[in-house]
> 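Have a look at this one before I ask anything.
Values below: every heavy atom of this structure, side chains too, minus hydrogens, waters and symmetry copies. Positions are given from 1, in the same order as the sequence printed here. Owing to the predicted nature of the structure, the values given are computational and were not obtained by experimental measurement.
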Amino acid sequence: MSDWMTLLEVGGPVAAFGGGAAYTRARYPGVYWSTVGLPLSTVRLLGSYGSVMEACGLTVQPSRLRAFAVKATTRREVRPVPPRRGIIRPTSTGLRLRLRLAPGQEPADVAASAERLRHAWGVHAVYVKDVKPGVVELRLVGFDVLRDVRMPRKADVGHLKVPVALREDATAFVRDYRAVPHQLTLGATLSGKSMYLRHLVTGLARQPVALVGIDCKRGVELAPFTARLSALATDPEQAAELLPVLIKEMEDRYDLIKTRQGIAPGTPAEDITSDIWGLPESERPVPVVLFVDEVAELFLVATKKDEERRDEMVTQLIRLAQLGRAAGIYLEVCGQRFGAELGKGATMLRAQLTGRVCHRVNDEASAKMALGDIAPEAVMAACAIAPERPGLAVAGDTSGGWSRIRPPYLSVGDAARICQESAHLTPELAALEPFRPELPAGPAVTPGPVVRPVPVTD
């Protein structure tokens, strides 16, 4: 009887602890990682680092001097040497450490072994980043950070930089318009495009930027943000009137740049510029970001007259994509599909859109439209996005790199409230004044938390 009592006294707390740990891991992975996962993974890493590196083929033969010193002092067998490990830095989502590669190794060797390292050290994922020649950083992620998105406290925020989503390696995905001027965002219905768009609009709403929208769904996507929009077109007819105005604005800005380029003898080199960012701040025009939602609606035609209007609008969009960057005009094009079947000029316009974000799509061809020409290996990752995870997307650019991203939840009401609070930042552009949307009369938006950690919905 006493043995049974002892077993119950010992086994009861152990079972309770194990059950509590399993529950915490399933419902609160961040808490589980900080209390249980982090110590266990650190112990595994420290205890098995050398053997794991050797099993992964990441060791090299030691130098002759080191081999001689080992034989002379210890008379042990000389073993291959793993990359020299730096200090382990714990984070709220994983671990970070740097490795100094041995002569003859390259970052691709370590990246090829990332899956083996993940299993050996008991973490969710391992990512490799090239820091400088001969040094790489291993970022170990302890749990699936995209399941319950929480943006990092520190992100690269600046003028025309918007932290819009979280990457799968727990870093912020920053939409930088100075580095990637134009972007194409594709996704099927209920894939999460609207959530991504809300974060872009609200992030830019707090900056001195002119926001212009073309929303051919009668404005249902962009109308809640009218307090911060400088112009809004809600059908193809209005878009056909708005685009020539933007072309004229772009040409006027080029005239301003050329005037500044009137190089006279003795002009300092720093006064010579080829875009608006080289102009003095007092003369610099405000940047303009054009959001085009459901771009396919601009391509659809029913009559010969519609076809002529379509060709003209497409030509104007292509001109903005080719020439707008230097004039401070940037494009954010969204749609469900975007390929050659839309009509003349579609492929040419897509080629000018450097950044690509692909949410869940209905077929592989749509994923190829977004990513096939810049990161072919990302196409299958986009096709594997499940409907149960709206908002999950694959982001890539012309460098060939890509990653999975997901924005945190942001309701329409909270996004509209942010735009209302930032309405005083709306710049006055005389050319766009006729297209300024009228503020709807209605009850004020009830203040509430801006970001809530619940699943993303479209």
Side-chain angles (χ1 to χ4, degrees), residues 160 177-178 180-185 200-201 204 208-216 219 222 229-261 273-279 283-301 305-335 338 342-355 426-437:
L160 290 174
Y177 286 89
R178 296 285 299 274
V180 182
H182 314 302
Q183 182 170 276
L184 173 65
T185 303
L200 280 178
V201 173
L204 291 170
V209 179
L211 305 181
V212 179
I214 296 178
D215 182 4
C216 292
L222 297 177
L229 297 181
S230 298
L232 176 64
T234 58
D235 55 49
E237 290 77 12
Q238 294 180 4
E241 298 175 0
L242 175 59
L243 287 174
V245 174
L246 291 175
I247 293 293
K248 182 63 168 58
E249 176 69 19
M250 180 183 69
E251 293 173 347
D252 291 343
R253 294 185 177 198
Y254 270 106
D255 290 339
L256 177 62
I257 294 172
K258 287 194 300 182
T259 301
R260 187 69 181 179
Q261 281 181 329
T273 181
S274 60
D275 56 32
I276 66 167
W277 303 109
L279 298 174
E283 301 179 17
R284 185 185 307 151
V286 65
V288 177
V289 178
L290 172 62
F291 295 94
V292 182
D293 191 50
E294 295 300 343
V295 64
E297 288 294 321
L298 298 180
F299 285 81
L300 299 180
V301 296
K305 184 178 180 181
D306 291 341
E307 185 175 352
E308 295 174 356
R309 183 187 63 197
R310 188 274 310 273
D311 292 344
E312 185 176 357
M313 285 192 297
V314 172
T315 301
Q316 290 162 347
L317 280 174
I318 292 174
R319 290 192 64 195
L320 287 173
Q322 290 183 151
L323 306 174
R325 184 214 55 89
I329 300 177
Y330 308 99
L331 299 184
E332 199 73 40
V333 180
C334 305
F338 195 71
L342 290 180
K344 183 174 63 177
T347 304
M348 186 175 181
L349 174 59
R350 185 182 64 187
Q352 303 296 327
L353 305 176
T354 306
T426 306
E428 295 183 2
L429 295 177
L432 298 179
E433 195 61 33
F435 303 93
R436 184 79 175 265

> Indicate yes or no: at least one non-hydrogen side-chain atom of P427 is less than 4.5 angstrom from one of S230.
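Sidechains of S230 and P427: in contact.
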> Evaluate the criterion side-chain contact (heavy atoms from CB on, under 4.5 Å) for residue pair F291 and L200; output intermediate values, then yes/no.
CA-CA 10 Å; F291 295 94; L200 280 178; 4.1 Å; yes
> Do you know the tightest heavy-atom contact between I214 and A239?
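What the structure gives for the nearest pair is CG2-CB, 3.8 Å.
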> Does atom CZ of R310 have more than 12 heavy-atom neighbours from other groups under 6.0 Å away?
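Atom CZ in R310 is packed in, count exceeds 12.
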> Under 4.5 Å between any side-chain heavy atoms of V333 and Q183, yes or no?
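V333 vs Q183: side chains apart.
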> Check whether any side-chain N or O of H182 sits under 3.5 Å from a backbone N or O of L331 as a donor-acceptor pair, and report yes or no.
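Confirmed, H182 side chain pairs with L331 backbone.
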> Contact between V314 and L298 at the side-chain level, heavy atoms closer than 4.5 Å - yes or no?
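No; the side chains remain at least 4.5 Å from each other.
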> Determine whether P287 and L160 make a side-chain contact, defined as any pair of heavy atoms from C-beta on separated by less than 4.5 Å.
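SC-SC contact between P287 and L160 confirmed.
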> Considering all heavy atoms of both residues, which atom of P434 and which atom of A431 are nearest to each other, and what is their separation?
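Closest pair (atom of P434, atom of A431, distance): CD-O, 3.5 Å.
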> In Å and rounded to the nearest 0.5 Å, what is the CG to NZ distance from L246 to K248?
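Rounded to the nearest 0.5 Å, the CG-NZ separation comes out at 12.5 Å.
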> Return the minimal non-hydrogen interatomic distance between A210 and L429, and the atom names on each side.
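Closest approach of A210 to L429: CB-CD1, 3.8 Å.
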> Search all heavy atoms of P244 against all heavy atoms of Q316 and return the closest pair with its distance.
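Shortest heavy-atom contact: CG-NE2, 3.4 Å.
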> Closest approach of G345 and I318, non-hydrogen atoms and distance?
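Looks like O-CD1, 3.7 Å.
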> Does L222 offer a backbone N or O that forms a donor-acceptor pair with the side chain of D215 under 3.5 Å?
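Confirmed, D215 side chain pairs with L222 backbone.
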> Supply the atom-to-atom distance L211 CG to L232 CG, rounded to the nearest 0.5 angstrom.
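Here the rounded value is 11.0 Å.
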> Test side-chain contact (heavy atoms from CB on, under 4.5 Å) on I276 and L256 and set out the steps.
CA-CA 9 Å; I276 66 167; L256 177 62; over 6 Å; no
> Backbone N or O of T234 within a donor-acceptor pair of the Q238 side chain at under 3.5 Å?
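Present.
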> To the nearest 0.5 Å, how far apart are CZ in R178 and CZ in R325?
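So the CZ of R178 and the CZ of R325 are separated by 8.5 Å.
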> Between R284 and L279, what is the shortest heavy-atom contact and its length?
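So the minimum-distance heavy-atom pair works out to NH2-O, 3.2 Å.
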> Determine the sole option in L242, L243, V245 for which the side-chain contact (heavy atoms from CB on, under 4.5 Å) test with V212 is passed.
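Single pass found, and it is L242.
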> Has the side chain of R436 got a donor or acceptor atom that lies under 3.5 Å from a matching backbone atom of L229?
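Checked: pair present.
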> Assess whether a salt bridge exists between R309 and E241, defined as any Lys/Arg side-chain N lying under 4.0 Å from an Asp/Glu carboxylate O.
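Salt bridge flag = no for E241 with R309.
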> Would you please name every residue forming a ring pair (Phe, Tyr, Trp, His ring centres under 6.0 Å) with F299, sequence neighbours left out?
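By the ring pair (Phe, Tyr, Trp, His ring centres under 6.0 Å) rule, F299 matches F338.
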> Do K344 and E307 come within less than 4.5 Å of each other through their side chains, counting heavy atoms only?
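SC-SC contact between K344 and E307 ruled out.
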> Can you find a pair of side-chain heavy atoms, one from Y254 and one from L323, that are under 4.5 Å apart?
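Yes; the side chains approach each other to less than 4.5 Å.
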> Measuring from L353:CG to R350:CZ, what's the distance to the nearest 0.5 Å?
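Between L353 CG and R350 CZ, I get 9.5 Å after rounding to 0.5 Å.
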> Report the C-alpha distance between L290 and L317 in whole Å, list the side-chain angles of each, state the deciding distance to 0.1 Å, and finish with yes or no for side-chain contact (heavy atoms from CB on, under 4.5 Å).
CA-CA 10 Å; L290 172 62; L317 280 174; 4.3 Å; yes
> Would you call T185 and C334 a side-chain contact if the rule is heavy atoms closer than 4.5 Å?
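Result yes, sub-4.5 Å side-chain heavy-atom pair found.
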> Whether the E332 and Y177 side chains hold a donor-acceptor pair (N or O, under 3.5 Å, no angle test) is what I'd like checked.
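Looking only at side-chain atoms, Y177 and E332 do form a donor-acceptor pair, the distance falling under 3.5 Å.
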> Passes side-chain contact (heavy atoms from CB on, under 4.5 Å), Q322 versus M348? Steps please.
CA-CA 10 Å; Q322 290 183 151; M348 186 175 181; 3.4 Å; yes
> Keeping the roles fixed (side chain from R253, backbone from A327), state whether a donor-acceptor pair exists under 3.5 Å.
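A pair under 3.5 Å: yes.
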